[in-house]
Number of protein chains: 2
Amino acid sequence: MAVTLKDVAREAGVDLSTVSRSLSGSYGVHEETRKRVLEVAERLHYRPNRIARGLVTGRSHTLGLIVSDVRNPFFAEVARGAEDAACAHGCDLVLCNSDLDQAKQMRYIVSLAEKRVDGILMNSVSALGKAQQQALAGFGMPIVLLNRASGAHSFSTVCADNYLGGQLAGRYLKAKGHIRIAHLTGPRGHGNLSDRARGFLNAVPDAVVLHGRHTFQGGCELAGKLLERHPEVTAVFAANDVMAFGVMRAAAERGLRVPQDLSVVGFDNIEFSGIAHPPLTTVHQPKYEIGAAAVEILLRLAEKQNGSAPERRIFGVELIERDSVQDCRTR
Amino acid sequence: MAVTLKDVAREAGVDLSTVSRSLSGSYGVHEETRKRVLEVAERLHYRPNRIARGLVTGRSHTLGLIVSDVRNPFFAEVARGAEDAACAHGCDLVLCNSDLDQAKQMRYIVSLAEKRVDGILMNSVSALGKAQQQALAGFGMPIVLLNRASGAHSFSTVCADNYLGGQLAGRYLKAKGHIRIAHLTGPRGHGNLSDRARGFLNAVPDAVVLHGRHTFQGGCELAGKLLERHPEVTAVFAANDVMAFGVMRAAAERGLRVPQDLSVVGFDNIEFSGIAHPPLTTVHQPKYEIGAAAVEILLRLAEKQNGSAPERRIFGVELIERDSVQDCRTR
DNA sequence: CTGAAAGCGCTAACAG
DNA sequence: CTGTTAGCGCTTTCAG
């Protein structure tokens with residue numbers, strides 16, 4: 001039904017391979033015939049079938065992106081950076097939401113592999129076990145992780161300096177005179193989050209740490225638990241901004257004011273953190289750039305078939321001081 | 001390099017077509033050979049090449065989603081709904097950001113068409129001209145629009161009842177005693193937005209209407225302009241929530257309190273609208289459901305090759321009353 | 001029930 | 001410069 005190379009060839013009175021050449025590069029084809037072919041192709045509304053082309057060239061010009069949930073503004077931003085970079089290189093991006101579910105993540109990987117994508121970009125569900133690494137490597141597909149480089153595996157990675165970010169948050173809170181500080185974070189074993197926790201703990205060794213879901217709801221719940229069990233706490237470092245908003249919500253529900261009664265620091269610096277009430281003090285990480293950089297690396301990996309050394313890129317972070325933290329000694 | 005049907009066939013000592021049958025359906029193949037084939041396939045880590053399969057079956061099991069920007073929480077939510085639905089049907093979703101740019105949108109459509117996606121989901125840049133419609137239809141690909149059904153075209157559509165939503169906002173503001181009311185919206189010609197405007201104007205015929213970008217920044221700018229030129233205004237209806245946040249920001253920068261000095265109503269009911277300060281009164285529309293429904297329709301369209309009648313689904317909306325509007329007579 | 005053969009639409013040597 | 005010939009990996013008649 002769709003018009004093919006053959007149709008164009010017949011109509012132009014040349015061989016189909018000549019049409020192919022005319023369309024791809026100007027390489028080795030008489031200017032006149034080429035012009036004629038192009039004209040016919042145009043007239044017939046010819047659209048190359050990239051799927052067929054991919055079958056022979058072995059490149060699909062499609063990348064996979066697996067995040068836990070695009071609805072988290074952090075991932076939306078990463079996705080946008082990735083999509084822009086992919087687009088700039090003539091690639092498409094297929095979006096997958098893993099919900100941090102191990103099995104679902106694996107199903108996506110298999111599916112992407114079967115579609116022969118040129119590479120996968122993912123924030124892995126959790127630290128990769130030996131078996132997992134083997135499985136992934138077994139697909140023989142370039143993969144770049146949006147997680148920290150745990151040292152153990154041999155994948156390329158790009159992420160922010162989570163450890164430092166945690167440290168900055170911890171130091172800041174201490175500098176503001178806080179003594180009883182808590183850290184509310186996501187599930188154990190989540191690479192980036194645990195790095196933040198480690199950095200934070202390095203600065204605030206005696207902090208209370210509570211694990212839960214790293215969503216708005218999770219932030220609410222954990223804060224509820226915290227306020228009940230540790231009323232002495234005057235400041236909390238939430239593992240990301242949406243959790244921080246959950247904390248603020250929970251505080252408000254209990255009649256606590258932020259920052260007068262409770263100080264809170266977030267992580268990510270999503271757009272909304274600047275317009276929340278109070279504006280959230282948080283650790284900024286370059287989300288868009290992370291997505292874009294990951295794609296660049298992935299594409300580079302896809303170029304050279306020989307497994308080159310993994311590239312690891314770590315972006316700097318920065319504490320953005322706004323109004324959700326109060327100096328403890330002035331209250 | 002990858003293991004193919006042929007490899008499995010050789011290893012299992014049968015013809016490649018037998019392997020194909022064994023893997024696809026159990027249809028017409030001896031149970032014993034089938035078992036053996038499956039076993040060999042497993043042992044060799046065989047992964048079907050869906051790209052090759054697609055070439056012969058004519059179905060790619062891939063859908064395209066074109067939105068203006070996933071970073072708008074509204075679209076992130078729609079995308080998630082679409083992805084979940086696609087996933088449930090064994091399809092992948094490729095994500096495209098048009099930035100409301102006509103040319104970019106068309107490039108994406110062409111690219112998706114050349115990849116032979118099974119269908120495209122898009123919130124069109126603007127009302128479709130006759131030529132545009134022709135062009136789109138010319139690709140012979142199922143398309144469902146996330147815009148209103150303008151009546152003119154023959155595409156399937158799914159969207160919220162934008163007109164009613166605008167009306168609800170207008171009526172609410174009037175019921176609260178506001179007389180001088182403004183509407184801040186996006187570029188002219190944007191289907192959904194102009195429906196909201198029409199609905200609103202139906203309820204508040206003498207409203208001031210300002211056009212600009214429908215982003216946070218756009219909201220800021222428009223509000224600035226509004227406050228300067230029409231200081232008499234006591235309430236504004238922003239075309240979406242992120243714009244509403246921009247309005248709130250602009251108001252705050254000028255020392256105006258919301259809702260005491262200025263009331264604001266948004267549209268979308270994105271998650272943050274509930275945690276903003278003050279919590280935003282807004283018109284709720286079912287974002288996730290819209291994305292999911294659109295995929296369902298698209299897939300149905302992709303099934304039957306004969307161009308069946310376009311399906312049009314309109315979701316209900318609801319005004320969510322929170323704290324960003326004050327009764328004008330009590331101030 | 002299974003093998004042989006054709007072909008999806010395209011690229012890529014290899015001859016002429 | 002251009003046509004011929006193989007496939008890419010898979011599904012699908014059509015015989016056997």
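Reminder, nothing fancy here: chain letters follow the sequence lines and each chain counts from 1.
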Lys/Arg N to Asp/Glu carboxylate O, A/R34 vs A/E31, below 4.0 Å: yes

Whole angstrom is fine here: how far is it from CD in B/E114 over to P in C/dG9? 15 Å

Whole angstrom value for the distance that separates C1' of D/dT2 from CZ of A/R36: 12 Å

Who passes salt bridge (charged side-chain N to carboxylate O under 4.0 Å, His left out) against A/E39, sequence neighbours left out? none

Closest heavy-atom pair, A/A302 versus A/R59, reported as atoms and distance to 0.1 Å, is CB-NH1, 3.4 Å

Could you state the NZ-C1' distance from B/K6 to D/dG7, rounded to the nearest angstrom? 9 Å

Considering just the side-chain nitrogens and oxygens of A/S20, establish if one lies under 4.0 Å of OP1 or OP2 belonging to C/dT11. yes

Whole-Å gap separating C1' (C/dG9) and CG (A/L5): 7 Å

By nearest-nucleotide position on DNA chain C, the 5'-leaning member of B/A52 and B/T33 is B/T33

What is the distance, rounded to the nearest whole Å, between atom CG of A/L16 and atom C1' of C/dA12? 12 Å

Could you check how far CZ of B/R50 sits from P of C/dC8, rounded to whole Å? 23 Å

Just the rounded figure in Å: distance from P of D/dG7 to CG of B/N49. 18 Å

Counting only side-chain heavy atoms from C-beta out, which of C/dG3, C/dC8, D/dC1 sits nearest to A/H30? D/dC1

What integer distance in Å separates A/E32:CD from D/dT2:C1'? 14 Å

Assign each of B/L55 and B/D15 to its nearest nucleotide of DNA chain D by heavy atoms, then name whichever residue's nucleotide is nearer the 5' end. B/L55

Ion pair B/R107/B/D101, N-O distance below 4.0 Å: no

Does a side-chain N or O of B/T18 approach OP1 or OP2 of C/dC1 to a distance below 4.0 Å, or not? no

Regarding B/T62 and B/K115, do their side chains bring together a donor and an acceptor under 3.5 Å, going by distance alone? no

Checking all strands, does B/T4 fall into the base, sugar-phosphate, or nothing category for heavy-atom contacts under 4.0 angstrom? sugar-phosphate

With a 3.5 Å cut-off and just heavy-atom distances, do the side chain of B/R21 and the base of C/dG3 make a donor-acceptor pair? yes

Which is true for B/I51 with a 4.0 Å heavy-atom rule: it touches a base, it touches only sugar-phosphate, or it touches nothing? nothing

